[in-house]
2 protein chains.
Amino acid sequence: MVDTDIQTQMLTEFAELARTLGNVHRLILLEHIAQGERAVERLAELSALSIANTSQHLQHLKRAGFVETRREGKHIFYRLGSGPVLNLLTALRHYVEHNRSEIRALVTDSVNQPDRLELISREELLSRMKEDSVTLLDVRPEEEFVLGHLPGAINIPFEELEHRLSELPDDQEIVAYCRGPYCVFSFDAVAMLNTKGLSARRLKNGFLDWKATGQIVETAKQG
Amino acid sequence: MVDTDIQTQMLTEFAELARTLGNVHRLILLEHIAQGERAVERLAELSALSIANTSQHLQHLKRAGFVETRREGKHIFYRLGSGPVLNLLTALRHYVEHNRSEIRALVTDSVNQPDRLELISREELLSRMKEDSVTLLDVRPEEEFVLGHLPGAINIPFEELEHRLSELPDDQEIVAYCRGPYCVFSFDAVAMLNTKGLSARRLKNGFLDWKATGQIVETAKQG
DNA sequence: ATTTGATTTAATGAATCAATTGAATGTTAT
DNA sequence: ATAACATTCAATTGATTCATTAAATCAAAT
């Protein structure tokens, strides 16, 4: 079996990658790193792990090629590995999204409203943006917003939304978005805005998908 | 953090899937199942595992949705889960293929010839097939061949190739293929045919990819 | 109903992985 | 140089995963 050795070697490598993704903490770290370069201490804080533990998981991710590092003074910054890692991650995400009906049920349950009506696709959003007939609302924490957001979006973190409704136009449709398709801020935001008499929908796949599909991302701070 | 719970639940599911793929034996089982329905005993034999062990890995794959089962008398047949699992598997395969240069090096090393020249893409093959200017050679074991092969291909398992060269035309280019991109039979076949004075190239991604991209697969036996 | 054959389940021990602690490394500022 | 800080490394312990064995299902044939 001249073939078997290499085939097996191949699959062994493959399995190693999969095993690296097979730990929630590492996935959470990846999610955070996907939002922008972060130092170890910050990542530990964000994911509620000890620093040593975080460091070890990061080493693991690095060995597998999912992340790369850069040193700046005392800090070591982690970023996503270059190129196609993102594709792998979104491939997995899409797989889960399309196949695990339990999760789908869970998501739609948690927001007890029929899902579809209030969704807007990336394509529709793009054409609506062209004709300026829509207000983009980013409900993520400011910290994530400044690292990158959809062009022209205004940032009102979900917790503040109720108090800052006056900043939103009542003559234009609002499209709210969040990190990814499973981030519930945008669900809750849309639900709230609609009960307050505003017309709001939710962007289908969120910011990460927007970025992953190569759309323009704005990084300047926006009052 | 209304969001965190669901996000985490989501990633936990995700991690479970990844962990399922994080074992060589399970990947090997998947490779075999991808070639067609198989009973447990057969899979155990093919992957050189004990029956009980095989069964447990299969249960694992089943729980995660990668495979489904069907009972026929005393046998229980395993097949790939319906739909998008294949996509996930090919996504992962492509990721590995494009990113792990060590493996690429390993593959090209093992066949110490420049890789590119003797490759033929699916697209080119399709147009060459239309004009009947090519002979397709399937070098996999007969067992795999009968379960499905490219239309019009002739089957000469690699071990027999040297003795059966006369069955090949010497006035037409030959395109050899094997299971997947890392199956070395086709590398070796092309190398041998070329040294024997025949004109041969290797199909880029092999049979599994052909099938996965929805091309016609022939299943009738071919002398 | 019993036997046979194919598969699954349960229980065990060995191997691997994860989290914690404390020490070690490397970098900047004093 | 030394002190202070961020990160990594090493050793320990507890938890999971894997393979093996033997026993338990479950369907077909006798």
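Reminder, nothing fancy here: chain letters follow the sequence lines and each chain counts from 1.
Rounded to whole Å, the distance from NZ on A/Lys74 to P on D/dT7 is 10 Å. One atom, CG of B/Leu29, and another, P of D/dC18, lie 12 Å apart when rounded to the nearest Å. Distance A/His60 NE2 to C/dT16 P: 14 Å, rounded to the nearest Å. The separation between B/Glu16 atom CD and D/dT16 atom C1' is 13 Å, rounded to whole Å. Taking atom CG of residue B/Asn53 and atom C1' of nucleotide C/dA14, one finds them 14 Å apart after rounding to whole Å. Straight-line distance from the CD atom of B/Glu72 to the C1' atom of D/dA28: 13 Å, rounded to whole Å. Note: CD1 (B/Ile51) to P (C/dT7) measures 7 Å, nearest angstrom. With rounding to whole Å, B/His25 atom NE2 is found 15 Å from C/dA15 atom P.
Stacking of B/Arg140 on the aromatic ring of B/Phe207 is recorded, both the 6.0 Å distance cut-off and the 45° axial limit being met.
Contact detail for A/His57 and A/Leu49: the closest heavy-atom pair is CD2-CD1, 4.1 Å. Here the closest non-hydrogen pair linking A/Ile154 and A/Thr135 is CD1-CG2, 4.4 Å. Across every non-hydrogen atom of B/Tyr78 and B/Ile33, the tightest pair is O-CG2, 3.7 Å.
Nucleic acid contact for A/Gln59: sugar-phosphate only, since backbone atoms but no base atoms lie under 4.0 Å from a heavy atom of the residue. Across all strands, A/Arg26 comes closer than 4.0 Å only to sugar-phosphate atoms, never to a base (heavy-atom distances). Nucleic acid contact for B/Ala39: sugar-phosphate only, since backbone atoms but no base atoms lie under 4.0 Å from a heavy atom of the residue. B/Tyr78 comes within contact range of the sugar-phosphate backbone alone, with a heavy-atom separation under 4.0 Å but no base atom that close.
Nearest to the side-chain atoms of A/His57 among the listed nucleotides D/dT8, C/dC17, C/dA18 stands C/dA18. Listed nucleotides C/dG26, D/dT8, C/dT8 differ in distance to A/Val40; the shortest reach to its side chain belongs to D/dT8. Looking at the side chain of B/Asn23, the nearest of the listed nucleotides D/dC18, C/dT9, D/dT7 is D/dC18. The B/Ile76 side chain lies nearest to C/dT7 when the options are C/dT7, D/dT17, D/dA27. Comparing D/dT8, D/dA22, C/dC17 against the side chain of B/Ala52 picks out D/dA22 as the nearest.
Of the charged side-chain nitrogens involved, none lies within less than 4.0 Å of a carboxylate oxygen, so that B/Arg70 and B/Glu68 do not count as a salt-bridged pair.
OP1 or OP2 of D/dT8 has at least one side-chain nitrogen or oxygen of A/Ser55 nearer than 4.0 Å. One finds no side-chain N or O of B/Arg71 lying less than 4.0 angstrom from the OP1 or OP2 phosphate oxygen of D/dA27.
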